[in-house]
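Let me begin by presenting the structure, written as structure tokens, before commenting on it.
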Amino acid sequence: MLRNFVKMLAYARPYWRFYLVGTLALVFVDILDTFTPKLVQWAINHLEYQVSSERTPADLERLGNPLIDLFGPGMLESALTGVWVYALGFVLVVAITGIFRYWMSLDYAKASINLTHDLRGRFFAHIQRLASRFHDRAKTGEMMSLATADMDAVRNFFGFGLLLIIDTALYFIMVPMYMTSISWKLMLASAVTLPFIPLIVARLAHAIEDRYGKLQEQFSVLSERSRESYAGAKVVKSFVQEDSEVRMFAALTREYFKRGMHLAKVVALENPLLVLMLGLADLVVVVYGGSMVISGEITVGAFVAFFQWLIRLSGPMIGLGWVVMLYQRGRVSMDRIQRIMSVEPEIVDAAQPADVKQLKGGIEVRNLSFKYFPAPSVSAVVGDSENEKLEEPDWALREINLSIAPGSTLAIVGPVGSGKSTLLGLIPRLYDPPAGTILLDGHDVRDIPLDVLRTQIGAVPQETFLFSETILQNIALGTLGNEHEVEAGSERREADVEWLKQCARIAQVEQDVLEFPRQYDTLLGEKGVNLSGGQKQRVAIARAIARKPAILLLDDCLSAVDTQTEEAILRGLKEVMKQCTTIIVSHRVSTVEHADEIIVLENGRVAERGTHEELLKKKGYYAELHSKQQLEQELSGQG
């Protein structure tokens with residue numbers, strides 16, 4: 001446990017200034033707070049002396065009150081005069097303690113907030129760098145749980161938790177010293193129950209760690225299920241599954257409640273046990289300390305002060321329970337986060353990258369074969385699920401050979417699951433191809449710096465994703481900076497905005513945009529929910545061509561538009577496609593028939609290759625697809 005605690009403290013090292021100032025304030029607070037019973041002791045002894053009928057010099061000496069030496073005999077003139085001195089001293093100490101307590105809390109809060117702010121930023125940045133293979137198996141709910149609930153547990157430990165640890169340690173050092181100054185025998189007698197405390201803490205700490213880990217595991221499941229239900233609300237309604245979803249969610253929440261109660265039973269047991277140990281110590285002090293007062297071994301003031309110091313330990317004793325809980329929660333959560341942070345990004349720049357600044361668009365594929373090797377799930381990485389079995393995948397692509405000249409167009413057709421999208425995903429290294437299998441302008445794609453490679457490729461994926469920003473900001477993604485700031489303000493910005501609108505016109509989406517009340521400043525809902533499927537595809541096309549790419553990848557991006565709009569988009573793209581190398585994936589022959597070369601993929605292999613006319617003569621898959629679509633057009637025309 002101590003080794004893990006020291007490892008946890010290493011994360012706080014960059015914020016040592018905050019912790020240093022906060023700890024100094026905490027030390028000052030504890031010094032003053034543990035001093036107040038001494039004032040009470042002097043006050044009671046003073047009053048006892050004042051009301052005594054016999055006031056001998058020995059009695060005065062027995063008071064051991066330095067305030068009398070400081071303020072002189074005037075304090076002894078009346079009981080009231082002395083009480084005012086002690087009362088004002090007490091108020092002054094409490095006021096100063098409050099000021100330093102504020103700075104103590106503020107600095108510990110600054111440290112913990114800064115730590116989790118930076119940790120959350122590093123976590124998010126690390127997730128962005130992980131390969132698509134990781135994200136294919138990462139569930140959004142699990143990742144959100146790590147970025148929120150686990151981060152909060154870490155923040156609580158490095159804030160309130162560390163403060164409690166140091167505060168408890170200081171009290172257990174300073175209070176026994178004061179108690180020993182009263183009577184070392186009474187102090188040892190009151191400490192008879194202390195050996196039981198580490199045993200209780202150690203026994204319960206393990207149970208808390210195990211049960212909190214299971215609670216967080218269930219919270220991840222609950223978060224993911226909630227996200228899926230919210231995202232798929234329309235599907236749920238369409239299939240009349242509202243009641244089924246409610247029952248499923250209720251079952252998950254019951255399990256979460258069950259695990260939460262399982263943890264709460266252990267946490268609730270800790271404080272009563274610690275307070276019981278303190279109560280037994282109180283019993284010893286009352287009995288044994290009372291006998292010492294009667295025998296005249298200690299004064300009444302000393303007895304009251306001793307008892308107050310013992311009460312002062314009740315806070316740290318209860319705090320010790322909180323310390324264990326916050327530490328175990330923070331450690332489990334930090335461990336879950338660090339396990340994700342330890343996953344190495346697979347797709348990185350080469351040790352000696354090629355000196356490439358600008359791509360011309362030449363693409364060569366040499367004997368490419370590729371499998372999707374699955375990455376471990378997030379649950380397996382963070383330790384929530386054990387013995388996860390990863391099956392050997394089938395080949396997605398086999399022995400692909402292509403040569404695409406700069407500025408030319410390649411079209412890919414084929415049945416579902418034939419490897420079309422896989423091939424497009426390998427060019428920008430969303431997945432890493434084997435070395436030497438894909439070359440751009442003669443350079444292995446793995447040797448080209450990622451920033452150069454991906455900034456010069458415009459891609460429209462099969463599943464269109466739009467951000468919850470304005471339409472103009474979505475088109476500007478990747479062209480005007482990470483903040484997507486496209487507000488007009490300068491001539492340069494005006495020119496940029498005009499180019500983005502030109503891209504919208506090329507993609508045949510501007511007419512739809514202008515029909516919205518706020519036009520290009522229309523704020524989109526989640527995933528562009530307030531746009532139709534065809535409108536989202538056209539915005540995605542505008543986004544891809546806005547960056548003026550050297551290579552344009554269009555993955556079945558016209559499937560949701562009608563034939564007339566498709567023809568208009570292709571006419572608009574002709575000029576764009578002359579200036580870049582284009583690869584189009586489509587199930588429509590009308591989309592690909594004008595390509596310089598067309599290939600047919602079947603089961604991951606190139607089954608046919610040629611121009612539109614050449615493939616029609618081969619009477620294969622392409623010719624059959626063409627005949628079917630012609631027949632569909634004739635039938636729809638007759639209808």
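Every value quoted in this text rests on a predicted model; they were computed, and no experiment measured them.
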Sidechain-backbone polar pair: Lys536 side chain, Leu466 backbone, donor-acceptor under 3.5 Å
no

So which heavy atom on Tyr431 is nearest to which on Leu426, and how close?
O-CD2, 3.4 Å

Heavy-atom pair of closest approach, residues Phe370 and Asp432
CE1-O, 3.5 Å

Quick one: CD1 on Ile583 to CG on Leu552, what's the gap to the nearest 0.5 Å?
9.5 Å

Flag side-chain contact, heavy atom, 4.5 Å: Ser586 against Asp556:
yes

Please answer whether the main-chain N or O of Val576 pairs with a side-chain N or O of Lys548 as donor and acceptor at a distance below 3.5 Å.
no

Can any side-chain N or O of Asp555 pair as donor or acceptor with the backbone N or O of Ile584 at less than 3.5 Å?
no

Please say whether more than 12 non-hydrogen atoms of neighbouring residues, nucleotides or ligands are located less than 6.0 Å from CD in Gln128.
yes

Is the backbone N or O of Ala147 less than 3.5 Å from a side-chain atom of Arg120, with the two atoms forming a donor-acceptor pair by type?
yes

Side-chain (Gln218) to main-chain (Leu252) donor-acceptor, under 3.5 angstrom:
yes

Test item: side-chain donor near acceptor, Arg505 and Gln502, under 3.5 Å
yes

Gap between atom NE2 of His594 and atom CG of Leu573 - 0.5 Å precision
12.5 Å

Would you say Gln352 has more than 12 foreign heavy atoms packed within less than 6.0 Å of its CD?
no

Measure from the side-chain N and O atoms of Gln456 to the backbone N and O of Lys357, and report whether any donor-acceptor pair falls under 3.5 Å.
yes

Backbone N/O of Ile404 and side chain of Ser408: donor-acceptor pair under 3.5 Å
no

Measuring from Ile363:CD1 to Ile551:CD1, what's the distance to the nearest 0.5 Å?
4.0 Å

Any side-chain heavy atom of Arg588 within less than 4.5 Å of one from Val592?
no

Check: His126 side chain, Val343 main-chain N or O, donor-acceptor pair, under 3.5 Å:
yes

Would you name the heavy atoms of Gly414 and Tyr621 that are closest together and state the gap between them?
C-OH, 3.4 Å

Gap separating the CD atom of Gln519 from the OG1 atom of Thr522, nearest 0.5 angstrom
7.5 Å

Could you check whether Arg609 pairs with Glu597 (Lys NZ or Arg NE/NH1/NH2 to Asp/Glu carboxylate O, under 4.0 Å)?
yes

Residue pair Gln537 / Val460, side-chain heavy-atom distance below 4.5 Å:
no

Within a 6.0 Å radius of atom CZ on Phe516, are there more than 12 heavy atoms belonging to other residues, nucleotides or ligands?
yes

Looking only at atom types and distance, does a side-chain atom of Thr437 sit under 3.5 Å from a main-chain N or O of Asn367, one as donor and one as acceptor?
no

Say whether, by atom type as modelled, one donor and one acceptor occur between the side chain of Arg446 and the main chain of Pro433 under 3.5 angstrom.
yes

Approximate separation, where rounding is to 0.5 Å, of Asp512 CG and Arg538 CZ:
4.5 Å

Arg543 CZ to Leu500 CG distance, which is reported to the nearest 0.5 Å:
12.5 Å

Within a strict 4.5 Å, meaning less than it, do heavy atoms of the Leu359 and Ile448 side chains meet?
yes

Could you check Leu450, Val348, Ile438 and say which one makes a side-chain contact (heavy atoms from CB on, under 4.5 Å) with Arg429?
Leu450

